[in-house]
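These notes concern the structure reproduced below.
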Amino acid sequence: MNLGFAGSGNMAAAIARGLARSSRSPELMLFADSGSGRAARLADEVGGEAVGSLDELAQRSDVVVLAVKPAALIEAAGPLAGRVDGVVSVLGATPVARLREAFGETPVLRTMPNLAVEVGHGVICHTAVDPGDAALVEALEMLGSVARLVVLDEEHLDAATAVMGCAPAYLALASEALIEAGIEAGLPAEVSDQLVRDAAAGLGKHQLERDPADLQRAIASPGGSTEAGLEALRAAGAPEAFRGAVVASLDRMSGKA
Ligand SMILES: NC(=O)c1ccc[n+]([C@@H]2O[C@H](COP(=O)([O-])OP(=O)(O)OC[C@H]3O[C@@H](n4cnc5c(N)ncnc54)[C@H](OP(=O)(O)O)[C@@H]3O)[C@@H](O)[C@H]2O)c1
């Protein structure tokens with residue numbers, strides 16, 4: 001399958017980098033941008049080809065990953081609609097009904113990947129795919145080589161986005177703050193940086209096997225230093241701050257903020 005990318009920004013790059021090293025790469029990856037030169041740089045990096053227009057992308061792709069900003073949906077859909085076997089949208093807060101309006105008869109799939117597809121450990125939430133849409137079924141299977149696929153009712157996709165698409169950035173902010181705290185406590189910057197990243201990576205794996213509350217109990221012995229730190233975090237309102245971040249993300253998606 002030739003997989004086209006309409007848009008060659010952060011998310012397109014993450015998917016393309018993940019696929020380039022997966023066992024289930026497309027035969028050819030094609031990239032388009034709106035003139036920044038990112039398509040050519042990405043094609044060089046992952047071993048694909050940049051095209052000069054969405055028109056050429058439509059001619060040469062079987063399925064297109066729609067990876068422009070939501071505001072560019074209509075502009076990007078024009079040259080693609082009716083000309084490819086399927087469109088996989090990664091657009092935030094863009095319902096299937098809007099995608100269908102833009103793409104007409106072309107089969108569309110709404111997905112929400114997170115950036116960890118780049119390292120083959122992503123999550124991709126998506127609406128149900130019609131088994132008759134063979135090209136989309138094949139594209140989804142390919143994406144499954146870089147992410148866990150989670151099928152959800154569309155009404156749950158925005159909430160899912162807030163906790164799996166946006167939330168890695170909130171957790172990365174916690175890592176950044178901890179690296180700074182380590183430096184303030186006297187560690188050389190590169191040592192603090194590496195230790196926090198290693199601890200976060202270890203936690204990432206560990207959380208797949210043990211639930212977060214259990215892990216906190218296992219690390220924080222009563223009266224110990226971790227317990228003191230957790231108490232300081234709760235006293236500073238950390239749990240409420242994370243809930244607030246999810247609410248702020250959802251408000252932005254619904255246009256309230
Ligand atoms: N970043 C994430 O973690 C994340 C997670 C989940 C979903 N998403 C979704 O992914 C989509 C892209 O986000 P991003 O962060 O990758 O944005 P980005 O870095 O700004 O990339 C957008 C890309 O779209 C291209 N583009 C815009 N209009 C175009 C047109 N008419 N024809 C061809 N290319 C066009 C831009 O071209 P230029 O390079 O020329 O500007 C750019 O390459 C968004 O809808 C977002 O909701 C992002």
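Whatever order the structure lists ligands and atoms in, that order sets their numbers, starting from 1. Note that these values count all heavy atoms, side chains included, but never hydrogens, waters or copies made by symmetry.
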Salt-bridge criterion met for Asp158 and Arg110 (N-O under 4.0 Å): yes
Residues which pass salt bridge (charged side-chain N to carboxylate O under 4.0 Å, His left out) with Arg17, listed by chain and number, not counting sequence neighbours: Glu45, Glu118
Donor-acceptor list for residues 197-209 side chains, cut-off 3.5 Å, not counting sequence neighbours:
from   : atom 1 : to     : atom 2 : distance (Å)
Arg197 : NE     : Asp193 : OD2    : 3.1
Arg197 : NH2    : Asp193 : OD2    : 3.2
Asp198 : OD1    : Gln194 : NE2    : 3.2

Flag side-chain contact, heavy atom, 4.5 Å: Glu49 against Met29: no
Which side-chain N or O atoms in residues 100-107 pair as donor and acceptor under 3.5 Å with protein atoms at least two apart or in another chain?
from   : atom 1 : to     : atom 2 : distance (Å)
Thr106 : OG1    : Gly82  : N      : 2.6
Thr106 : OG1    : Phe103 : O      : 3.3

Asp153 side-chain N/O to Glu155 backbone N/O, donor-acceptor pair under 3.5 Å: no
Under 4.0 Å from ligand 1 - residues by heavy atom, chain and number: Gly7, Ser8, Gly9, Asn10, Met11, Asp33, Ser34, Gly35, Ser36, Arg38, Leu54, Ala67, Val68, Lys69, Pro70, Ala72, Glu75, Val90, Leu91, Gly92, Met112, Pro113, Leu115
